[in-house]
Amino acid sequence: MDFIRLIAVFLVLATTPVLAQSDTPEPQLLPRAAPTRHVEVGQLPTMDTTPSFDPEQTTSRYLAKVSGEARSRSDAYFEGGYWLKLMALIYALAVAAALLWSQVSLRIQEWAEARTHSRNGQVLLYAACYVPIVTLAMLPLTLYEGYFREHAYGLSNQNFWQWLGDFGIDFAVSFVAALIFLPLLYAAIRRTRESWWIWGAGLAIAFNILGAVIWPVFIAPLYNHYSPLPDSPLKAQILSLARANDVPAANVYLVDASRQSNRVSANVSGFLGTTRISLNDNLLKQGTSDEVLAVMGHEMGHYVMGHITRGILMNGLVIILGFAFTNWSYLLALDFFGGQWQVRKISEVAGLPLLAGLAGIFMFLATPVTNSITRTGEYQADLFGLDAVRKPDAFASVMLKLSTYRKLEPGKWEEMIFYDHPSGRTRIEAAMRWKKEHIADQDIRDTAKLP
C-alpha cells in the first residue's frame with residue numbers, strides 16, 4: 001500500500017478586467033484608457049513561504065534534552081547488558097558442564113528409565129527434573145539481572161514478592177513448554193536419526209508460530225490485567241487508524257504494565273486471527289495523545305507490513321542453521337568427552353545439557369544477525385508510522401522517554417551488534433528527515449519551530 005500523501009497547493013492570482021460594452025456608445029468624458037495587457041501567471045514573482053528546517057540541528061536539540069546524570073545512567077545500564085549476555089552464556093555453560101561431568105544428568109536418565117519403559121515417558125520424566133534443576137542453578141544470576149539490577153537503576157516498581165510471582169509464572173510457562181516440546185523433539189531424533197536436525201528445526205519453528213498465536217490471548221494475561229480502554233477521543237483515533245490501515249481489531253486494550261515498571265510501550269500482537277491492540281498504562285500516563293498515536297502507528301506498521309510472518313521466516317532460517325550447528329558440534333563433543341559423560345548417542349536424553357549449551361553458544365554468536373532482523377523491521381515500522389500518523393515531533397519525544405533504559409547514541413558497530421531496535425539517534429534523525437521532506441505540508445508546517 002502506498003501511504004505517502006501528497007498535498008498539491010495551487011496559487012492562481014491572475015485576473016483580467018473586462019470593459020463593459022453596450023449597443024449605445026457612452027459619451028467619452030475622459031480619454032479612453034489604453035488597452036489592458038494580459039499578464040502571464042508565470043511572470044508573477046513568487047514568494048517562498050516554506051519554513052527553513054535543518055534535520056541534523058533539530059536532532060541534536062532533541063538529544064541534548066537528555067544529558068548529565070540521566071544520560072550517563074542510561075548508557076551504563078544499556079552497556080552493562082552487553083556483559084550480562086556473556087555472563088549468562090558462561091554461567092549456563094558451567095551449569096551444563098556440572099550436570100554432565102558429575103553425571104547427574106546420567107543419573108536422572110537412569111531414574112526415568114527405571115520408572116517407565118516408554119521412551120517418551122522417560123523424556124517427560126527427565127524434563128520434569130531437568131527444568132527445575134537448571135532454573136534453581138541459574139537463580140542467582142536471574143535474581144541479579146531481573147530484580148537487584150533493575151532496582152539499582154530505578155526501573156522496577158515491584159517488591160521482591162511481586163517479582164517472585166512473575167518469576168513463578170515464567171517458570172510454569174517454561175516447564176509446561178518443555179514437557180510438550182522435549183518428548184516431541186526426542187521422538188523426532190529417534191525416528192529420523194541423521195536428519196533429526198532438520199525435523200527438530202521444523203518443530204521449533206512450529207512452536208514459534210504457536211507462541212505468536214497464543215501469546216496475546218493466553219500467555220500475556222498471566223502477567224498483567226488487560227481491560228478495554230474506556231471510550232474517549234483518543235480511543236476513537238486509534239481505532240480509526242486501525243481501520244484505515246486494515247488492522248482487524250475492534251477494541252483497544254489497556255494493560256497495567258506499571259505494576260512491573262515505568263517503561264512506556266504498546267503493541268499490535270497476535271497471529272492467525274488473534275490480533276490485539278494493546279496500550280500500556282505508562283504510555284497513557286506519561287505521553288500526550290499525539291505521542292500515543294505516534295507509537296500506535298509504529299506498532300500497526302508491524303502488522304500491515306507482515307513483520308510477524310517475516311520474523312517467523314527469517315528467524316526460521318536462523319533456527320535451521322542453529323540446529324545444523326548443534327548437530328555437528330554435538331557429535332564432535334561426543335568424540336572427545338562422550339565416554340566421560342557416558343553419553344554415546346544424540347538420542348540419549350542425558351545429553352540434553354550439552355544440546356542446550358551448544359544451542360546457547362550458537363544463539364550468542366548469532367546475536368548480530370538476530371538483532372539485525374528485528375532492528376530492520378523496527379526501522380520499517382518507524383517509517384510506516386510517520387507516514388500514517390504524520391507526527392514526527394511526537395515520535396521523537398517518545399524516543400527520548402525510552403532513553404531511561406536504552407542508550408541514545410551508540411557507535412556504528414555497537415548499534416549493529418548489540419541493538420535489536422534502532423538507537424534513539426537513528427530514530428529521531430529519521431523522523432526529522434521525514435519532517436524536512438514534508439515541511440511544506442500545512443499540518444507539518446504548523447510544527448516547524450518545534451522542538
Side-chain angles (χ1 to χ4, degrees), residues 84-101 104-106 108-109 123 126-127 129-135 137-138 141-142 145 170-171 173-190 192-211 311-338 341 343-374 420:
L84 272 177
K85 288 180 173 63
L86 179 60
M87 287 176 56
L89 175 65
I90 294 172
Y91 199 118
L93 291 177
V95 171
L99 291 173
L100 290 169
W101 258 284
V104 169
S105 183
L106 177 65
I108 298 173
Q109 175 183 282
V123 176
Y126 180 95
C129 297
Y130 172 81
V131 174
I133 289 173
V134 171
T135 300
M138 296 292 295
L141 181 61
T142 305
E145 183 176 4
D170 286 339
F171 170 76
V173 172
S174 300
F175 186 73
V176 171
L179 294 183
I180 298 171
F181 179 76
L182 290 176
L184 293 174
L185 175 63
Y186 276 91
I189 291 173
R190 293 191 301 270
T192 59
R193 299 185 180 183
E194 288 80 6
S195 61
W196 76 270
W197 59 274
I198 299 176
W199 294 92
L203 185 63
I205 293 170
F207 265 70
N208 196 19
I209 296 172
L210 178 63
I312 289 171
L313 293 174
M314 297 294 290
N315 287 308
L317 294 176
V318 175
I319 290 172
I320 292 171
L321 291 175
F323 271 79
F325 169 84
T326 302
N327 177 60
W328 169 78
S329 55
Y330 191 102
L331 297 175
L332 184 65
L334 288 188
D335 288 340
F336 284 95
F337 306 110
W341 300 333
V343 177
R344 297 170 181 82
K345 296 183 295 183
I346 203 166
S347 60
E348 295 181 24
V349 72
L352 180 59
L354 175 61
L355 205 65
L358 294 172
I361 291 174
F362 175 82
M363 292 309 298
F364 179 81
L365 296 176
T367 295
V369 176
T370 55
N371 280 351
S372 294
I373 291 171
T374 304
D420 60 1

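Nothing fancy with the numbering, it's 1 onward along the sequence. Atom set for the values below is all heavy atoms of this structure, side chains included, hydrogens, waters and symmetry mates excluded. Just so it is clear, the structure is predicted and the values come from calculations on it, not from any experiment.
- Contact record, Ser347 with Arg190: CB-CG, 4.1 Å, taken as the closest heavy-atom pair.
- You'll find the side chain of Ile198 stays beyond 4.5 Å of the side chain of Ile320, heavy atoms only.
- Taking the side chain as every heavy atom from C-beta outward, Val369 and Leu321 never approach each other to under 4.5 Å.
- Considering CZ of Phe364 and CG of Leu93, their distance stands at 10.0 Å, rounded to 0.5 Å.
- Taking every heavy atom of both residues into account, Ile180 and Phe207 meet most closely at CG2-CZ, 3.5 Å.
- The minimum heavy-atom distance linking Leu179 with Ala127 is given by the pair CD2-CB, 4.0 Å.
- For Tyr126 and Ser105, the side-chain atoms include at least one donor-acceptor pair closer than 3.5 Å.
- Taking each heavy atom of Asn327 and Trp197 in turn, the nearest pair found is ND2-CD1, 3.7 Å.
- The CG atom of Leu317 sits 12.5 Å away from the CD1 atom of Ile312 when rounded to the nearest 0.5 Å.
- Between the CG atom of Leu365 and the CE atom of Met363 there is a distance of 10.0 Å, given to the nearest 0.5 Å.
- Taking every heavy atom of both residues into account, Pro353 and Tyr130 meet most closely at CG-CE1, 3.9 Å.
- How far CG of Leu100 is from CG of Leu354: 6.0 Å, rounded to the nearest 0.5 Å.
- Residues Tyr330 and Leu334 have side chains in contact (heavy-atom distance under 4.5 Å, counting atoms from C-beta outward).
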Please step through side chain to side chain contact (heavy atoms under 4.5 Å, CB included) for the pair Leu84 and Leu141, ending with a clear verdict.
CA-CA 9 Å; Leu84 272 177; Leu141 181 61; 4.3 Å; yes
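- Considering CG of Asp420 and OG1 of Thr367, their distance stands at 10.0 Å, rounded to 0.5 Å.
- In this structure, Leu358 and Ser329 approach most closely via the heavy-atom pair CD1-OG, 3.4 Å.
- Residues Thr326 and Leu355 are in side-chain contact: their nearest non-hydrogen atoms beyond the backbone lie under 4.5 Å apart.
- Contact of the Val318 side chain with the Ile373 side chain is registered, since non-hydrogen atoms from C-beta on lie closer than 4.5 Å.
- A 4.5 Å side-chain heavy-atom check between Thr135 and Asp170 finds every atom pair outside the cut-off.
- In this structure, the side chain of Tyr91 engages the main chain of Ala137 through a donor-acceptor pair within 3.5 Å.
- Put simply, the side chain of Val343 does not reach to within 4.5 Å of the side chain of Phe337, judged on heavy atoms.
- Using a 4.5 Å heavy-atom cutoff, the side chains of Phe323 and Phe362 are not in contact.
- The structure places OH of Tyr186 at 4.5 Å from CG of Leu352, a figure rounded to the nearest 0.5 Å.
- Sparse packing is recorded around CH2 of Trp328, with 12 or fewer heavy atoms of other residues, nucleotides or ligands lying under 6.0 Å away.
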